[in-house]
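Because the structure is predicted, anything quoted here is derived from the model rather than measured. By convention in this document, chain letters (A, B, ...) are assigned in the order of the sequence lines, proteins followed by strands, and residues within each chain are numbered from 1.
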Amino acid sequence: MDDLYEWFRDFYHTTGINLPFIYDSYDRDRMIDGFLTTVELSVICLFLSVVIGIIGAWLQGSAFTWTRRIVSGYIQLFRNTPPLVQLYFFYFAIGSALPRVETEWGGQAPMLSSFAWAVISLSFFAGAFNVEIFRSGIESVPKSTVEAAESLGFSRLQIYWDVTLPLALRVVLPSLNNNLVNLVKTTTLAYAIAVPEMLYVSAQIWSDNVNVPEMMIFLLIAYFVLVGILVWGMNRWERALKIPGFGS
Amino acid sequence: MSWSDKEPMISVRNVHKSFGDFEVLKGVSFDVMKGEVICIIGPSGSGKSTLIRCINALNDINEGSILVEGQEVNDPKLNKLELRKKVGMVFQQYNLFPHKTALENVMMAPIRVLKEDKKEVEARARALIKKVRLEGKENAYPGELSGGQQQRVAIARSLAMKPDVMLFDEVTAALDPETVGEVLITIKELAEEGMTCILVTHEMGFAREVADQVYFTDKGLIVEHGAPETFFENAKDPRTKQFLSQIL
Ligand SMILES: Nc1ncnc2c1ncn2[C@@H]1O[C@H](COP(=O)(O)OP(=O)(O)O)[C@@H](O)[C@H]1O
Ligand SMILES: [Mg+2]
């Protein structure tokens, strides 16, 4: 390992290409933390946004007009405003309105960290699109299939969970895939509220080392790989869900 | 209120049903005793499907009464689950769950709706699949089965709920002629075992063979009914005669 680090240090001296996040232990540690923060933020937001999509699509099928109105209001709001503004709104407007809490050293701290606000904001942002995506899938499930479940005594919730949702999911996986890829890319916005994710850490490294081009190229490659892993996973999932004789 | 099997298992009284301004059922009454098999025949659009869908509350009714084992179906406080445990239904388009295998289709409702033990349900489901002569197809998905095979899975799926009465809505109408027979045999065996059945059918030969009573509907009314011999030989109403002459 040390040889590798030395090699990159020499590489910098001979070529001028500076990758301190490999050879310098301080920069390396914060880059690893940044990378893990990005992964953690992505995974939590992916999960929560899908949960929001599933619950929202269910509520949109509610018999209560007001429930449906609230859900469509939520979708409109989050779809028609910039995610960065949403993030600022959550962090600065709501975050500062919340009471502060006592820390273990007796100081004062915000109730929710900037990471928590990023999770909330980005999940609701991607969730709004997921609701619409699931909704479109649900509409593609034949009414007669739902009726068959009804006639067997399934409750509305059981029908949704056991019949409608699994069938809808198979139809919407490609659009869900798109939205989730967008979500991973959008996690970089958390930079704006100082969540120490990969872009934020890279910016710190390039201001200390004045190696902007190297860091930019590194970021492009890192996100390319991260999104590639997600797409690969989604494609595997799509194949695993394939049913003989169903769909195309 | 307790029901005894000396009384009709199903008692339909003066049932009216409209879709908007269009009155589909204009006062229909009939009784079905336990173990009886009745066939409903009549021109397309005369309200046959609507009528049997009202019996398991897939459609509500505007006026009249439907008692199933003494339970009033036309009651806003109706416990649909209790009703649907008693009444099985098989549809023209089979409406199997396409993402579940034949065996899973049969097992799903008893496990999810009746919360029965999975092992017991599986044993029962395998026996039912054998009964409808689909041994070896347990793990096939609906998309891999012919129409006739799917329809027999659908029958097994309903039977798995141990219903007291089975409703069949033109269950052979969508089938290739060569697979109609296999489905009819299955239904005939059920009828011979004493299952109470209400069949909407265009298979006159079959109706004649299995029915205890044949009902003829036209434009939302029961025009005429009788035991099959008298009904098919000595129909009195001109509308019945005309219909039979077209079909036979
Ligand atoms: N959900 C519905 N909404 C409006 N009209 C309907 C609906 N279901 C059935 N109808 C109408 O009711 C009439 C009777 O239909 P149906 O009961 O399916 O007749 P049948 O099964 O005898 O062919 C038809 O004219 C049909 O168009
Ligand atoms: Mg019909």
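Between chain A and the residues B/E144, B/M89, B/E82, B/Q93, the most heavy-atom pairs under 4.5 angstrom are made by B/E144. Counting heavy-atom pairs closer than 4.5 Å to chain B, the top-ranked of the candidates A/G245, A/P142, A/A149, A/S151 is A/S151.
Residue B/R157 touches chain A through both its backbone and its side chain, counting heavy-atom pairs closer than 4.5 Å. Only the side chain of A/Q158 has a heavy atom closer than 4.5 Å to any heavy atom of chain B. If you measure heavy-atom distances from A/L167 to chain B, the contacts under 4.5 Å come from the side chain alone. Residue B/L167 does not touch chain A at all, counting heavy-atom pairs closer than 4.5 Å. Of the atoms belonging to B/V87, it is backbone heavy atoms, and not side-chain ones, that fall under 4.5 Å from chain A.
With A/Y160 as reference, A/W58 is the one residue of A/W58, A/F154, A/F134 to meet the ring pair (Phe, Tyr, Trp, His ring centres under 6.0 Å) rule. Under the side-chain hydrogen bond (donor to acceptor under 3.5 Å, both in side chains) rule, B/E122 has a single partner from B/K118, B/K119, B/R126, B/R124, which is B/R126.
Within the 4.5 Å cutoff, the side chain of A/V131 has heavy atoms near those of the A/Y74 side chain. Counting only heavy atoms from C-beta outward, the side chains of B/I66 and B/C54 approach each other to under 4.5 Å.
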A/R135 and A/E139: CA distance, side-chain angles, deciding distance, salt bridge (charged side-chain N to carboxylate O under 4.0 Å, His left out) verdict: CA-CA 6 Å; A/R135 196 70 223 155; A/E139 270 152 25; 3.6 Å; yes
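When ring centroids are compared, B/Y141 and A/F246 stay outside the 6.0 Å threshold.
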